[in-house]
Enquirer: 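Take a look at the following structure, please.
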Amino acid sequence: MTDISNTAKPSADEVVLRYFAWLRERTGLSEERLVLPPEILTVGDLLLWQSRRGHPFDHAFAKPEAIRVAIDHAHVKPGAKVASAREIAFFPPVTGG
Amino acid sequence: MTDISNTAKPSADEVVLRYFAWLRERTGLSEERLVLPPEILTVGDLLLWQSRRGHPFDHAFAKPEAIRVAIDHAHVKPGAKVASAREIAFFPPVTGG
Amino acid sequence: MTVRVSTADFDISAEMSRLTAGDTGIGGVALFVGKVRGEVDGEALASMTLEHYPGMTEAELERIEGEAQRRFKLSASLIIHRVGELKPGDNIVLVMTCAPHRNDAFAAAEFVMDYLKTYAPFWKKETFASGVTRWVAARDSDDEAAAAWAAQSE
Amino acid sequence: MTVRVSTADFDISAEMSRLTAGDTGIGGVALFVGKVRGEVDGEALASMTLEHYPGMTEAELERIEGEAQRRFKLSASLIIHRVGELKPGDNIVLVMTCAPHRNDAFAAAEFVMDYLKTYAPFWKKETFASGVTRWVAARDSDDEAAAAWAAQSE
């Protein structure tokens with residue numbers, strides 16, 4: 001059962017990454033779909049990975065403390081696990097209202 | 001000069017008394033114009049005088065602590081002097097808004 | 001800076017357009033609208049009649065508005081209070097405060113309402129569906145709200 | 001209980017009529033309208049563009065509205081936030097809270113604004129008359145306002 005489930009859903013490990021405001025501008029991306037490297041366990045790991053991913057991500061993620069993250073439409077902290085995430089968004093602190 | 005001034009203004013000592021809300025209903029008056037007895041120096045004196053003035057004022061002023069007073073459109077306390085008042089209003093605590 | 005006593009209802013959108021027109025220094029507008037409730041302690045209300053003290057009402061509202069301007073950084077403000085017979089659901093009062101920043105707008109609107117309830121010479125008389133009429137009694141909590149502001153300014 | 005994200009302006013009178021219609025338990029309505037200011041630190045603004053995160057925005061606004069309902073005795077509430085390009089003087093946000101008593105209405109409107117500024121995924125980009133563009137930086141005071149509410153609920 002477990003083997004069938006795994007092979008029947010090849011996109012199960014894919015996650016959508018979304019970028020907003022100056023993160024969207026600096027990465028040149030609104031969103032991308034990819035499979036995260038297995039060593040990325042937390043949001044903090046993911047931010048570090050982004051900062052080492054090369055141009056233009058190194059520039060966009062140079063100051064991870066200035067970046068906020070949401071998993072599946074909910075704010076999360078750097079310690080949050082990314083394992084079950086379908087959509088992870090990166091953005092600066094919000095400025096609405 | 002002083003004598004002429006006094007006789008030239010016979011209505012100088014007259015004051016308008018005004019009544020609002022249940023004080024208007026209980027006194028049956030919106031306003032009256034009269035010369036206050038000279039022994040009335042303060043608002044407190046005036047409230048006491050009203051309560052001893054006979055029907056319907058005795059009933060209307062039976063509980064002076066439930067009555068608020070304004071002199072010339074400004075709230076005053078029982079200790080306020082009535083000497084220079086042109087208009088003195090009596091009303092219950094306000095309930096607007 | 002305007003105060004108005006009126007038997008007619010007010011149009012909030014129109015009043016706001018008028019009050020904010022041409023002033024792009026305004027970053028926030030706080031409003032409060034007081035309304036006639038349909039029940040008092042479970043008893044159905046037929047109407048509410050508002051009496052006031054012409055002359056003193058305007059003087060007090062202007063004094064309260066001036067005090068709000070002294071305490072908070074305001075761009076503009078408006079107080080409209082209705083008088084006469086009102087029905088459940090009708091608007092009673094509109095307070096509108098415009099400021100560069102929202103905290104001043106909010107605080108000024110609350111301040112005006114607290115002071116208005118304690119000092120502006122309006123009196124409400126309730127007429128119940130049963131036919132019984134009753135003058136509304138002042139609530140101590142309104143005096144306390146005004147007293148708290150007075151203490152703050154000391 | 002409604003949240004809405006829209007490029008179009010809102011009509012405050014119409015929204016209030018809709019929100020209060022038929023509910024005579026409402027004694028007070030507090031509103032806040034945020035507006036685009038014409039200058040930022042003395043520099044003339046040409047326009048302000050609001051970006052948001054569709055899906056998460058609605059989720060966060062509903063979460064904030066639900067939290068306000070949990071904390072205060074509310075009859076109804078509404079949050080409208082505009083997105084897209086706005087000009088100085090344009091409305092950005094409308095928060096409307098209806099309650100039996102004014103203190104709940106005021107507190108809920110302030111609460112929603114404080115939380116919205118800290119949690120709702122909107123971002124403002126300013127375009128100055130000079131042609132320079134700049135993403136607005138978050139203000140610490142907004143986080144502090146939200147933190148103060150969080151401390152209160154502990």
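Here is the naming used below: chain letters follow the sequence lines, and residue numbers restart at 1 for every chain. Quantities reported herein were computed from a predicted structural model and do not represent experimental measurements.
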Enquirer: Can you name the nearest heavy-atom pair linking C/K117 to C/D142, along with the distance?
Expert: CD-OD1, 3.6 Å
Enquirer: Which atoms form the tightest heavy-atom contact between C/A107 and C/F72, and what is the distance?
Expert: CB-CE2, 3.5 Å
Enquirer: Are the side chains of C/T57 and C/H81 in contact, using a 4.5 Å heavy-atom criterion?
Expert: no
Enquirer: Please output the residues of residues 57-77 of chain B in contact with chain C, using a heavy-atom cutoff of under 4.5 Å, in numerical order.
Expert: B/A70, B/H73, B/A74, B/H75
Enquirer: Can you check whether anything in residues 88-97 of chain B gets within less than 4.5 Å of chain C, heavy-atom wise, and list it by number?
Expert: B/A89, B/F91, B/P92, B/P93, B/V94, B/T95, B/G96, B/G97
Enquirer: Is the backbone of C/N91 close enough, under 3.5 Å, to the side chain of C/R82 for a donor and an acceptor to pair up by distance?
Expert: yes
Enquirer: Using distance only, find each side-chain donor-acceptor pair of residues 21-34 of chain C under 3.5 Å and give its atom names and separation, not counting sequence neighbours.
Expert:
from	atom 1	to	atom 2	distance (Å)
C/D23	OD1	C/G25	N	2.8

Enquirer: Kindly indicate, with the supporting measurements, whether the criterion salt bridge (Lys or Arg N to Asp or Glu O under 4.0 Å) is fulfilled by C/E15 and C/R4.
Expert: CA-CA 12 Å; C/E15 297 296 345; C/R4 200 186 314 155; 3.0 Å; yes
Enquirer: May I ask you to test the C/M96-C/M16 pair for a side-chain heavy-atom distance under 4.5 Å?
Expert: yes
Enquirer: In residues 23-34 of chain B, which residues are in contact with chain C at a heavy-atom separation under 4.5 Å?
Expert: B/R24, B/E25
Enquirer: Mind listing the closest non-hydrogen atom pair of C/Q69 and C/S77 along with its distance?
Expert: NE2-OG, 3.9 Å
Enquirer: Taking the side chain as everything from C-beta on, heavy atoms only, tell me whether C/D90 gets closer than 4.5 Å to C/M48.
Expert: no
Enquirer: Between B/E87 and B/R18, does any side-chain N to carboxylate O distance fall below 4.0 Å?
Expert: yes
Enquirer: Would you mind reporting whether C/V5 and C/E58 have side-chain heavy atoms less than 4.5 Å apart?
Expert: yes
Enquirer: Decide yes or no for C/M56 and B/F20: does some side-chain heavy atom of the first lie under 4.5 Å from some side-chain heavy atom of the second?
Expert: no
Enquirer: For C/R18, does the CZ atom have more than 12 heavy-atom neighbours from other residues, nucleotides or ligands under 6.0 Å away?
Expert: yes
Enquirer: For C/K124, is it the side chain, the backbone, both or neither that has a heavy atom under 4.5 Å from a heavy atom of chain B?
Expert: both
Enquirer: Between C/F122, C/Y119, C/W123, who has the most heavy-atom pairs with chain B when the cutoff is under 4.5 Å?
Expert: C/W123
Enquirer: Do you know the tightest heavy-atom contact between B/V15 and B/A85?
Expert: CG2-O, 3.7 Å
